[in-house]
Visitor: 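The structure follows.
Atom set for the values below is all heavy atoms of this structure, side chains included, hydrogens, waters and symmetry mates excluded.
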Amino acid sequence: MPIRYLAVWIVFWGFLPIKSFALESIVLNQESPIHIKDEGLWRAVPENITELNINNYRQVWSNTLPITEGIVGKSGGFLTKINITNNSGQTWFLIPNANFLDIARATWITNSKQEEEVIDFSQFHNSSAPQLLHFQVLPIQVDGETNTSIWLYVSAKHFPTLVSLTLYSSADFYRYQTMNNSLSLTAISIMLLLGLLSFLIYTRTGHRIAITCAGYVGLHGVGWAAASGLVNDLFSEIQINWSYAGMYIFPFAIACACQFVSDLFECKNQHLKLAKFLNILTIICTFLGLSMALISFQLSFYVSHILAMIWILVTLSVSVIMMSKKDFRAKYFLIGNLLYSFSLAYYMAAHNKMFGALDNPEAVVLIALSVDCLCIILCLSEWFKLKQIEFNRHFYLSRIDPLTQLGNRYALNETLSNLGEHYFIVYIDFDGLKAINDKYGHAEGDKLIEKGAKLISNLIKPKGTTFRVGGDEFICVLSTSTYADLLSLQQIISQSLIEINSQLKAFWAEAGLSFGIANNQQGNTASECLSLADSEMYKYKQLKIRVETAKQI
């Protein structure tokens, strides 16, 4: 909840209110920021005009009509002219509402000089202006002059939004820059760090879900680092507009996301139809990602956005279905995707002229996406938590005898490998079990085993552990701090087992106990002690048989 309220606060309060103006002479001493709508603002520059100078600008201006509906959805070069009167004496900053500018040139002429001055403020050459993620910035400072005509030429492979212009005073610009850059860098860093964390988890565990999560989260982070202009800012010597790369990376991120969802809900084992659908969608996304390099960016842009809408529908549907099945791994997945879907709807609306120029769509998506990535990591942690519970349950069951709830031979081996200095081993065999099974049935034999196991376990529990290692065979391991205590305890256990033998005979005349004891002074190793105790038990059993035979004679 606090993250959601913070996001709303930043987006709708933190960014400055904008006052709109029609295209006319603008005086830079008014309330900042000043917004110039994309309504008849731009004129298309013909493709045959390759040289950009004031004469060509004027020719275009006189021979073309303004584009009244705005240039959203178009590509190529566009020109506009604004008249500015700067009475403030300070630097102002002009920001076109466009992310993917290949060329951004400002040519202005002051009233007194009538000389052409050209500034390239594209991402590749704008070294003098402050860095602003997602946008290019044109500083406006006219020393000693008040009236200026500024010709703006912008060119891109695709203009996804209405390209309005916003003018900020210095104070307001730096406030906006701090908020915009801080928010974007934080969100991108969260995605990249979570992707790295998932990759490190994969290197330690080898579970496929961790690497698909790393691709899902990490590729979103890389894509937005490129789309925001951060890659170009960090590697300014590379003369490639990496802002376009985000659209090309997105299908691969969704391909990883498909496999992550399949792994998260274990679709290959529990939801075969969903697994097949996600595999098909993975193939389609991978194919689209590879083929986008061969088609125009405009088409790639629309393909990525259609894919985003499809993915939102898929994730929301899967989340609801899994929640209905009480698979609570979906709870974080549903929360993150709901938030992301709302932000994506806002982002898509910002790219549609029907809604006009909506404020800060990139910021809204980045906030939502970073929270979504946090939710994805929480899903991953839930998956590992369930796997740990399942592992512990199997580990427990693999070492526990289901009838007596005592440890089995695997548990015994673990105990024998971690014995102290003074210990002894008791080997116990139930007498008469076969006779009871044959006479009364196996259910009665099980009662004998349960009764005897309980009596033995209660006897041994304070000083050691009891294990069932066969149908009627039990082994007890006991340890003490001194050898004298060992001999004393050995005598007590021996006498108590004789008493248990009598207790069992009170219920089943055929029943009894035979046992043998060996301590670590009698054998060099636990294995030798175990063999010796087995031999002693066998001798004791033979002695009891001889005594019983003698009584019968």
Side-chain angles (χ1 to χ4, degrees), residues 17-28 30-50 52-85 92-109 121-122 134-138 140 147-168 296-299 301-302 305 345-362:
I18 296 176
K19 185 176 180 181
S20 297
F21 285 83
L23 183 56
E24 57 186 16
S25 180
I26 297 171
V27 180
L28 299 184
Q30 304 175 66
E31 181 182 352
S32 170
I34 300 170
H35 184 68
I36 305 174
K37 296 181 179 179
D38 183 4
E39 294 176 359
L41 178 63
W42 300 96
R43 305 189 184 201
V45 177
E47 294 181 1
N48 60 346
I49 297 181
T50 56
L52 304 175
N53 55 52
I54 194 65
N55 293 327
N56 286 338
Y57 291 159
R58 287 171 176 158
Q59 179 184 351
V60 170
W61 198 257
S62 62
N63 294 337
T64 59
L65 295 174
I67 303 172
T68 56
E69 72 275 13
I71 62 173
V72 59
K74 301 182 185 300
S75 61
F78 296 88
L79 179 71
T80 190
K81 175 187 176 185
I82 57 175
N83 300 313
I84 290 177
T85 301
W92 282 62
F93 296 90
L94 185 147
I95 303 174
N97 182 38
N99 302 118
F100 308 115
L101 290 182
D102 294 314
I103 302 174
R105 293 168 62 95
T107 303
W108 61 60
I109 300 175
F121 65 103
S122 66
H134 308 289
F135 302 103
Q136 279 81 53
V137 182
L138 172 66
I140 298 176
N147 298 319
T148 306
S149 296
I150 300 180
W151 295 84
L152 291 177
Y153 175 82
V154 294
S155 177
K157 294 181 177 68
H158 181 66
F159 289 98
T161 61
L162 292 166
V163 186
S164 55
L165 303 176
T166 307
L167 288 153
Y168 288 90
S296 68
F297 177 76
Q298 269 191 316
L299 185 55
F301 179 88
Y302 292 122
H305 281 72
Y346 182 84
Y347 183 78
M348 301 283 281
H351 290 65
N352 191 315
K353 60 185 177 183
M354 182 194 317
F355 297 93
L358 299 180
D359 295 338
N360 314 303
E362 293 81 12

Visitor: Nearest 0.5 Å, please: how far is CG in Leu152 from OH in Tyr57?
Guide: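 It comes to 9.0 Å.
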Visitor: If we ignore hydrogens and angles and just use 3.5 Å, is the side chain of Thr161 paired with the main-chain N or O of Asn97 as donor and acceptor?
Guide: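 Looks like yes, one N/O pair under 3.5 Å.
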Visitor: Taking all atoms of both residues into account, what is the closest heavy-atom pair of Asp102 and Ala156, and its distance?
Guide: OD2-CA, 3.7 Å
Visitor: Does the side-chain contact (heavy atoms from CB on, under 4.5 Å) test come out yes or no for Leu101 and Ser122, once each step is laid out?
Guide: CA-CA 7 Å; Leu101 290 182; Ser122 66; 6.0 Å; no
Visitor: Work out which heavy atom in Gly40 is nearest to a heavy atom in Pro66; give both atom names and the distance.
Guide: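 Distance-wise, the nearest heavy atoms are O-CB, 3.4 Å.
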Visitor: Which heavy atom of Pro96 sits nearest a heavy atom of Gln136, and at what distance?
Guide: CD-O, 3.4 Å
Visitor: When you compare the side chain of Ser296 with that of Lys157, does any pair of heavy atoms fall below 4.5 Å?
Guide: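 Side chain of Lys157 against side chain of Ser296, heavy atoms only: no contact under 4.5 Å found.
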Visitor: Would you call Trp151 and Arg58 a side-chain contact if the rule is heavy atoms closer than 4.5 Å?
Guide: yes
Visitor: Is it true that a side-chain atom of Trp108 and a backbone atom of Ile140 form a donor plus acceptor pair closer than 3.5 Å?
Guide: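 No, because the side chain of Trp108 does not come within donor-acceptor range (under 3.5 Å) of the backbone of Ile140.
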Visitor: Minimum heavy-atom separation for Ala44 to Ile67, with atom names?
Guide: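 Closest heavy-atom pair between Ala44 and Ile67: N-CD1, 4.0 Å.
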Visitor: Please determine whether side-chain contact (heavy atoms from CB on, under 4.5 Å) holds for the pair Trp92 and Ser32, giving the CA-CA distance in whole Å, both sets of side-chain angles, and the decisive distance to 0.1 Å.
Guide: CA-CA 10 Å; Trp92 282 62; Ser32 170; 4.0 Å; yes
Visitor: First locate atom OG of Ser75, then atom CD of Gln298, and finally report the distance between them rounded to the nearest 0.5 Å.
Guide: 4.0 Å
Visitor: Roughly how far, to the nearest 0.5 Å, is the CD atom of Gln59 from the CG atom of Asn53?
Guide: 9.5 Å
Visitor: Can you tell if the side chain of Ile103 reaches within under 4.5 Å of the side chain of Val154, non-hydrogen atoms only?
Guide: no
Visitor: Without hydrogens or angle criteria, can the side chains of Ser164 and Asp38 be said to hold a donor-acceptor pair below 3.5 Å?
Guide: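 No - no donor-acceptor pair under 3.5 Å links their side chains.
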Visitor: Are any of the side-chain heavy atoms of Lys81 and Trp61 separated by less than 4.5 Å?
Guide: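 Side chain of Lys81 against side chain of Trp61, heavy atoms only: contact under 4.5 Å found.
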Visitor: Could you check if a side-chain atom of Thr107 sits within less than 4.5 angstrom of a side-chain atom of Tyr153, using non-hydrogen atoms only?
Guide: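 Not touching, per the 4.5 Å side-chain cut-off.
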Visitor: Can you check side-chain contact (heavy atoms from CB on, under 4.5 Å) on Val60 and Ile49, steps first, answer last?
Guide: CA-CA 9 Å; Val60 170; Ile49 297 181; 3.4 Å; yes
Visitor: Measure the CD1-CG distance between Ile26 and Leu167 for me, rounded to the nearest 0.5 Å.
Guide: 5.5 Å
Visitor: Grab the two heavy atoms, one from Val72 and one from Pro160, that are nearest each other, plus how far apart they are.
Guide: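 What the structure gives for the nearest pair is CG2-O, 3.3 Å.
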Visitor: For Trp42, run the side chain to side chain contact (heavy atoms under 4.5 Å, CB included) check against Ile71, Leu162, Leu79 and tell me which one passes.
Guide: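 When Ile71, Leu162, Leu79 are each tested with Trp42, the side chain to side chain contact (heavy atoms under 4.5 Å, CB included) holds only for Ile71.
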Visitor: Take His134 and Glu362, measure what side chain to side chain donor-acceptor pair (under 3.5 Å) needs, and give me the verdict at the end.
Guide: CA-CA 8 Å; His134 308 289; Glu362 293 81 12; 5.3 Å; no
Visitor: Please report whether the ring centroid of His35 lies less than 6.0 Å from that of Tyr168.
Guide: no
Visitor: Measure the CG-CG distance between Leu94 and Leu165 for me, rounded to the nearest 0.5 Å.
Guide: 5.0 Å
Visitor: Return the minimal non-hydrogen interatomic distance between Arg43 and Thr64, and the atom names on each side.
Guide: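 Looking at all heavy atoms of both residues, the shortest contact is NH1-O, 2.9 Å.
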Visitor: Given 3.5 Å as the limit, does a donor-acceptor pair link the side chain of Asn56 with the main chain of Leu52, or not?
Guide: no
Visitor: Among Phe100, Phe297, Phe78, which residue satisfies the ring-ring contact (aromatic ring centres under 6.0 Å, His included) criterion with Phe159?
Guide: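 Looking at Phe100, Phe297, Phe78, the match for Phe159 under the ring-ring contact (aromatic ring centres under 6.0 Å, His included) is Phe78.
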Visitor: How far does NZ of Lys74 sit from CD of Glu69, to the nearest 0.5 angstrom?
Guide: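 Output value for this atom pair is 5.0 Å.
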